Student: 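Let me begin by handing over the structure; questions about it come next.
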Amino acid sequence: MRRILILGGTTEARRLAERLAERRDLAVTLSLAGRTANPAAQPVPVRIGGFGGADGLAAHLATERIDALIDATHPYAAIISANAAQAAAAAGVPLLALRRPAWVAVAGDRWIEVDDAPAAVQSLGAAPRRVFLALGRNEIAAFVSAPQHFYLVRSVDPVEPPLRVPHARYVTGRGPFGQADDRALLMTHGIDIVVSKNSGGDATYGKIAAARALGVAVILLRRPALPDVAAVATIEEALAWIDLKRMDHAGAPCAEREV
Ligand code: NAP
């Protein structure tokens, strides 16, 4: 039985695990960083928490006798992806990255692309705006330096402590978020600009489509650089890679071995 470790925390990781869960030739474990208080249920055994850098992950791959590593983390989770590349090379374990393609602007989108959260704060300008911050806990801290704006913050877990700004509202929720609901949210709070990552995929595209429909501008944080490793964009391609590696592992295609 081959042992597969999926680095997760994304819809794609869970969907890939769902497809692999029934396979009797594979023992699949999914790894979460442990960022959310009540992580979504997963279809395979889960381990939670950091490995202790690239060296820790390489040691884990060796002690757990992992045969293949799938990096299905979020496109903005650049540290774990770099660690995965380094650890897989050090441990001699095949690595595949499952990466969502970025969203691409279509007619009607009013996008402003910036490098990071401090640059997003700058591009909001001096005049007070009504801002939907669709960002993680780490990124929203930068907006404290612009307290003149109203902020609507959406997160999985409550933001504790709240931002030290005078005008902020908080909503909690776990995606997927549809266009109709996000349009209602933007209208209810009179939002005139959205700040978001270019996450790609369907689960969080609702706000981008809603902003377009309402003529609202979107500040998008550019994606971080990710390691140059074998990568695919779909779960089907990841499944094909796993089966290809099965043949590598066995030294010959299964059909030949069965003859
Ligand atoms: P990151 O900055 O790339 O990683 C920071 C550290 O967190 C890593 O060095 C590692 O600790 C640990 N870590 C990250 N992902 C892990 C995983 N799947 N399993 C075990 N340890 C993990 O990551 P991040 O941006 O904070 O994201 C954390 C998790 O949330 C990721 O799993 C990601 O898929 C998910 N997520 C992130 C975003 C986002 O916008 N960044 C959005 C949705 C979901 P050690 O060095 O100790 O191993």
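Position 1 is the first residue of the sequence, and the numbers go up from there. Just so you know, ligand 1 is whichever comes first in the structure, and atom 1 is the first atom listed for that ligand. Keep in mind the model is a prediction, meaning the values are calculated, not measured. Side chains are part of it too, since the values below use all heavy atoms of this structure and drop only hydrogens, waters and symmetry mates.
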Student: Considering both backbone and side-chain atoms of I80, is one of its nitrogen or oxygen atoms within less than 3.5 Å of a nitrogen or oxygen in ligand 1?
Tutor: yes
Student: side-chain contact (heavy atoms from CB on, under 4.5 Å) with I6: which of L20, T29, V44?
Tutor: L20
Student: Who's the nearest protein heavy-atom neighbour of atom 11 (O) of ligand 1, and how far?
Tutor: G50 CA, 3.6 Å
Student: Looking at atom 40 (O) of ligand 1, what's its closest protein heavy atom, distance included?
Tutor: K197 NZ, 2.4 Å
Student: Distance under 6.0 Å and angle within 45° of the ring axis: does R47 meet both against F51?
Tutor: yes
Student: Does the residue G49 have a heavy-atom contact with ligand 1, meaning some pair of atoms that are separated by less than 4.0 Å?
Tutor: yes
Student: Check whether any N or O atom of N138, backbone or side chain, sits under 3.5 Å from an N or O atom of ligand 1, and answer yes or no.
Tutor: no
Student: Provide, to 0.1 Å, the distance between atom 47 (O) of ligand 1 and the closest protein heavy atom, together with that atom's residue and name.
Tutor: G52 N, 2.9 Å
Student: What is the nearest protein non-hydrogen atom to atom 5 (C) of ligand 1, stated with its residue, atom name and distance?
Tutor: R35 NH2, 3.4 Å
Student: Do you know which of L220, V104, I208, L221 makes side-chain contact (heavy atoms from CB on, under 4.5 Å) with N198?
Tutor: L220
Student: Among L133, T172, L185, find the residue that satisfies the side-chain contact (heavy atoms from CB on, under 4.5 Å) test when tested with R154.
Tutor: L185
Student: Any idea which protein heavy atom is nearest atom 18 (N) of ligand 1, and the distance to it?
Tutor: S31 O, 3.0 Å
Student: For the 3.5 Å polar cut-off, considering only N or O atoms, please tell me whether H74 and ligand 1 meet it.
Tutor: yes
Student: Students should be able to answer this: which protein heavy-atom is nearest to atom 2 (O) of ligand 1, and at what distance?
Tutor: I79 CD1, 3.7 Å
Student: I would like to know whether R130 and D192 meet salt bridge (charged side-chain N to carboxylate O under 4.0 Å, His left out); could you show each step before the answer?
Tutor: CA-CA 5 Å; R130 295 189 66 84; D192 60 49; over 6 Å; no
Student: Out of curiosity, is G8 lining ligand 1, as in a heavy atom under 4.0 Å away?
Tutor: yes
Student: Output, in order, the C-alpha distance, side-chain angles, deciding distance and verdict of side chain to side chain contact (heavy atoms under 4.5 Å, CB included) for K197 and E139.
Tutor: CA-CA 10 Å; K197 296 177 182 175; E139 296 91 12; 2.8 Å; yes
Student: Give me the ring orientation class for H149 and Y151: parallel if the planes are under 30° apart, tilted from 30 to 60°, perpendicular past 60°.
Tutor: perpendicular
Student: How far is atom 16 (C) of ligand 1 from the closest protein heavy atom, and which atom is that?
Tutor: A33 CB, 3.6 Å
Student: Using a heavy-atom cut-off of under 4.0 Å, does the side chain or the backbone of A78 touch ligand 1, or both, or neither?
Tutor: backbone
Student: Atom 45 (P) of ligand 1: which of A77, A82, G53 has the nearest heavy atom?
Tutor: G53
Student: As an exercise, state the distance from CG of L152 to CZ of R169, rounded to the nearest 0.5 Å.
Tutor: 8.0 Å
Student: Heavy atom of G56 under 4.0 Å from ligand 1?
Tutor: no
Student: Before signing off on this row, confirm whether F51 and ligand 1 have an N or O atom pair separated by under 3.5 Å.
Tutor: yes
Student: If you round to the nearest 0.5 Å, how far is CE of M1 from CG of D67?
Tutor: 11.0 Å
Student: Give a yes/no on ligand 1: does N83 have at least one heavy atom closer than 4.0 angstrom to it?
Tutor: yes
Student: Check whether the side chains of S81 and D71 place a donor and an acceptor atom closer than 3.5 Å, and report yes or no.
Tutor: yes
Student: Is the backbone of T234 close enough, under 3.5 Å, to the side chain of E237 for a donor and an acceptor to pair up by distance?
Tutor: yes
Student: N/O to N/O below 3.5 Å, does that happen between R47 and ligand 1?
Tutor: no
Student: Return the closest protein heavy atom for atom 44 (C) of ligand 1 as residue, atom name and distance.
Tutor: G9 O, 3.2 Å
Student: Measure the spacing between CG of L32 and CG of L30 and express it to the nearest 0.5 Å.
Tutor: 5.5 Å
Student: Taking N or O atoms only and a 3.5 Å limit, does T73 qualify as a polar contact for ligand 1?
Tutor: no
